[in-house]
Amino acid sequence: MSGTETPPFFDLHTHGFVRIATSTPKVRTADVEYNAQGIVEQARMADVQNVDLLLYPELSLSSYALDDLHLQSALLDAVEAQVEAIIDASRTLSPVLVFGAPLRRNGRIYNCALVVGHGELLGVVPKSYLPNYREYYEKRWFAHGRECIGLTIGCGDHEVPFGTDLTFGASDLPGFVFGIEICEDFWAPNPPGIMAALAGATILLNPSASNITIGKSDERHLLSRASSSRQVCAYAYSASGHGESTTDLAWDGQGMIYELGDLLVESVRFDLDPELCITDVDTQRILSERMRMQTFNDAAEAAGRPEDWYRRIVFKHRPRGGDKGLQRPIRRFPFVPNRADKLDEDCYEAFNIQVDALMRRIDATDPKCLVIGISGGLDSTHALIVAAKAMDRLGRPRTDIRGYTLPGFATSDGTKANAWRLMEAFGIAAEEIDIRPTATTMLENIGHAFADGHPVYDTTFENVQAGLRTDYLFRLAGQHGGWVIGTGDLSELALGWCTYGVGDHMSHYGVNSGVPKTLIQYLIGWTTRTKQFDDGVEQVLGDILDTEISPELVPAGEDGEIQSTQSIIGPYELNDFFLHHIIRWGQKPSHVAFLAWHAWKDAEQGLWPIGFPEDAKNEYELAIIAKWLRNFLKRFFGFSQFKRSALPNGPKVSAGGSLSPRGDWRAPSDAVADIWLAELDAALPRDDG
């Protein structure tokens with residue numbers, strides 16, 4: 001590699017991304033040459049921005065609101081002439097263009113989507129469903145294309161594939177496969193895009209006219225989102241805008257692109273100027289979800305395997321290499337609710353999944369009490385919050401929760417004080433048991449060097465404390481006729497950061513087992529912001545959120561620095577990012593690293609959770625991301641599965657997944673992490689300096 005070449009890692013195409021844009025070009029009613037110029041102008045602008053696929057509105061070449069002018073031969077001749085002009089202009093442009101035009105075939109006129117790329121008319125797809133109600137009269141002018149299968153159509157000197165049985169795929173960019181349905185098609189009960197998706201299209205395009213009325217924008221969003229979710233694809237929609245005839249209708253030029261139900265980008269509506277709405281679609285994510293979701297593949301079989309009879313029009317895309325950035329919203333905290341209009345609702349839902357699950361377990365077992373170890377840290381705090389709310393809703397006194405703080409050799413005064421403040425604020429039955437004498441006895445019995453006064457703080461030293469805490473809690477539960485609430489969270493289970501059989505690993509019911517650390521932090525903050533409890537509780541919760549995350553099993557060093565979990569296993573905000581993309585989407589480590597780099601390289605750019613504190617907004621360079629990702633891969637795939645295979649019951653909370661062997665994740669305990677590490681190392685740019 002020369003010193004001027006950009007490593008493939010930084011190219012979005014390396015990772016299966018396709019840059020898509022919707023366009024609202026300039027248009028003038030029945031002025032075909034003017035409209036063609038507008039299409040080409042937008043194509044050139046898209047080319048500068050490295051767009052791969054550009055979608056225009058329905059009948060954008062002729063304009064849509066023409067009424068009986070569609071039947072004029074002069075206009076139809078002009079359309080064919082300007083199609084040739086667009087083809088010629090496309091020879092040096094990167095984007096594949098999909099635009100609307102009326103075309104004649106065998107004495108009929110069809111409302112068509114034309115696909116043009118690199119100086120070639122690749123194919124033509126006719127509209128299947130023609131609206132002919134209220135303000136629409138399309139059957140007056142057009143023939144429907146529902147039965148157009150296996151045909152060709154002439155346009156000028158070109159004879160190209162024509163029909164609703166077409167998909168288009170790049171031979172040199174795996175995953176870049178698209179199908180087309182036109183406007184009314186996705187208002188139909190059986191949209192033709194379904195078959196295109198079942199035939200293998202990862203991207204569906206909808207060139208639409210769709211005049212605007214009050215509330216119609218919401219309906220388009222509903223249908224686009226549903227289509228992208230049900231068809232397991234990306235869905236791009238482009239509606240006609242300013243310049244169409246307003247004789248009886250109005251137009252807003254709405255463009256939007258969804259992927260698997262997520263809105264990636266939306267245009268500015270009612271804009272007077274031409275507009276490109278650009279985003280990068282993750283085709284690897286789409287294909288991964290299809291592999292995982294057998295319902296999609298069963299549907300393809302039930303539909304007669306459309307991949308066997310659909311015509312795939314293959315083209316060579318020749319994408320430009322290099323670092324073109326990534327135009328796509330990436331959530332730094334994928335487990336944390338981020339919808340501004342539904343933030344409270346989403347947090348309420350996450351919190352009450354845990355509360356309701358715990359209530360059901362209490363109903364089923366009727367314990368005299370719940371036993372929980374309170375450390376003054378995040379996990380036990382959140383578990384106590386859930387338990388307190390469950391008791392409140394069941395009408396039971398909070399004194400039926402028995403909280404124990406169990407200080408060991410490294411417990412700080414601050415966390416112990418927070419534990420006591422927390423228990424007192426919630427009004428539960430609270431006690432303290434110092435485990436140091438018993439731990440010392442055990443260390444003496446096994447001949448550990450610490451018992452002889454040597455500062456040996458190894459895993460055995462740590463696990464003696466973790467084990468004793470669990471032993472006390474289980475014995476206390478038996479003594480008082482109750483059971484133990486687990487506090488360990490999803491992030492710790494992913495990293496194996498728990499002591500097998502005891503500590504954060506074992507309990508009678510693990511309320512936090514489906515909740516990652518970053519979500520626990522956010523939910524605790526949410527309970528204070530929404531006044532779920534009284535002011536005394538809110539104060540101590542705020543102090544706990546400000547405390548360094550630590551297992552507090554090793555005494556502070558001579559400099560007073562306490563044991564820091566994140567300095568050992570990495571920042572939880574990165575680990576949770578890795579976890580989400582690996583267990584939810586099955587993405588390759590290099591893909592995860594690419595996303596993480598774009599998400600975390602600049603704290604001033606991108607999305608942060610609503611209300612996230614400014615002083616906590618971190619950023620990470622690629623080398624640091626790669627370091628902690630390697631660590632995650634080793635821990636997740638290499639040696640911690642045996643702990644996850646023996647988990648107690650606990651509710652799944654996030655669509656991101658759980659690690660229960662009875663739920664989302666099943667894996668052998670004796671696998672190795674080699675292939676994941678090798679894939680990452682092979683993809684990362686080398687430092688030849």
Side-chain angles (χ1 to χ4, degrees), residues 292 331 333-338 343 345-365 370 372-373 377-390 393 483-498 500 503-527 532 549 565 569 572-573 575-586 609 632 635-636 640-667:
R292 182 175 287 100
R331 293 170 61 183
F333 293 83
F335 290 104
V336 173
N338 72 324
L343 181 64
E345 179 183 329
D346 289 347
C347 290
Y348 168 87
E349 194 167 57
F351 180 58
N352 279 281
I353 288 170
Q354 294 178 271
V355 172
D356 187 77
L358 181 58
M359 289 169 60
R360 177 67 187 96
R361 185 52 60 97
I362 293 170
D363 284 340
T365 58
L370 303 179
I372 182 171
L378 292 170
D379 293 346
S380 63
T381 296
H382 188 62
L384 178 56
I385 291 172
V386 171
K389 184 64 75 173
R393 288 179 59 187
W483 42 261
V484 178
I485 296 179
T487 60
D489 64 53
L490 184 69
S491 306
E492 293 175 341
L493 293 170
L495 293 158
W497 191 250
C498 52
Y500 185 80
D504 291 337
H505 181 250
M506 194 47 59
S507 64
H508 288 107
Y509 192 71
V511 293
N512 289 343
S513 60
V515 189
K517 189 78 74 178
T518 50
L519 180 54
I520 283 178
Q521 290 172 306
Y522 201 77
L523 288 177
I524 291 174
W526 171 79
T527 62
Q532 297 292 313
I549 299 172
T565 296
I569 60 174
Y572 274 116
E573 56 194 13
N575 282 318
D576 283 356
F577 186 96
F578 303 152
L579 174 64
H580 174 84
H581 289 280
I582 286 173
I583 71 166
R584 176 63 184 90
W585 304 111
F632 178 91
R635 298 189 69 95
F636 184 79
S640 58
Q641 179 59 37
F642 76 100
K643 298 179 182 181
R644 297 190 288 267
S645 295
L647 288 181
N649 295 170
K652 177 180 176 178
V653 174
S654 166
S658 75
L659 292 174
S660 167
R662 301 166 297 277
D664 279 0
W665 184 258
R666 297 165 181 83

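Note that the structure is predicted; figures quoted are calculated from it, not measured. For reference, positions follow the sequence shown, starting with 1. These values consider heavy atoms only, across backbone and side chains, with no hydrogens, waters or symmetry-generated copies.
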side-chain hydrogen bond (donor to acceptor under 3.5 Å, both in side chains) between Ser491 and Asp576: does it pass, once the steps are laid out?
CA-CA 6 Å; Ser491 306; Asp576 283 356; 2.5 Å; yes

With a 3.5 Å distance limit and no angle check, can you tell me whether Ser640 reaches the backbone of Arg635 through a side-chain donor-acceptor pair?
yes

Would a 4.5 Å heavy-atom cut-off, applied to side chains only, mark Thr365 and Tyr509 as touching?
no

Taking atom CZ as the centre, does Arg666 end up with more than 12 heavy-atom neighbours from other residues, nucleotides or ligands that are less than 6.0 angstrom away?
yes

Backbone N or O of Asn512 within a donor-acceptor pair of the Asp489 side chain at under 3.5 Å?
no

Are the ring centres of Phe636 and Trp665 closer than 6.0 Å?
yes

Quick one: pull up CD1 in Ile353 and OH in Tyr348 and give me the separation to the nearest 0.5 Å.
11.0 Å

Grab the two heavy atoms, one from Cys347 and one from Tyr522, that are nearest each other, plus how far apart they are.
SG-CE2, 3.9 Å

Work out which heavy atom in Gly656 is nearest to a heavy atom in Phe335; give both atom names and the distance.
CA-CE2, 3.9 Å

Ignoring hydrogens and geometry, is there a side-chain-to-backbone donor-acceptor pair from Lys643 to Cys498 under 3.5 Å?
yes

Please give me the minimum heavy-atom distance between Ser658 and Gly663, naming the atom from each residue.
OG-CA, 4.5 Å

Would you please classify the geometry between the Phe351 ring and the His382 ring as parallel, tilted or perpendicular, with 30° and 60° separating the classes?
tilted

Counting C-beta onward and ignoring hydrogens, is there a side-chain heavy-atom pair between Trp526 and Leu519 closer than 4.5 Å?
no

Nearest heavy-atom contact between Gly657 and Leu490 is O-CD2, 3.8 Å

Heavy atoms only: give me the nearest Leu370-Ala387 pair and the separation to one decimal.
CD1-CB, 4.4 Å

Side-chain touch Asp379/Glu492, heavy atoms, less than 4.5 angstrom
yes

Hey, is the main chain of Asp356 close enough, under 3.5 Å, to the side chain of Arg393 for a donor-acceptor pair?
no

Answer yes or no: is there a side-chain heavy-atom contact under 4.5 Å between Leu579 and Asn575?
no

Which atom pair, heavy atoms only, marks the closest approach of Arg361 to Asn649?
NH2-OD1, 3.0 Å

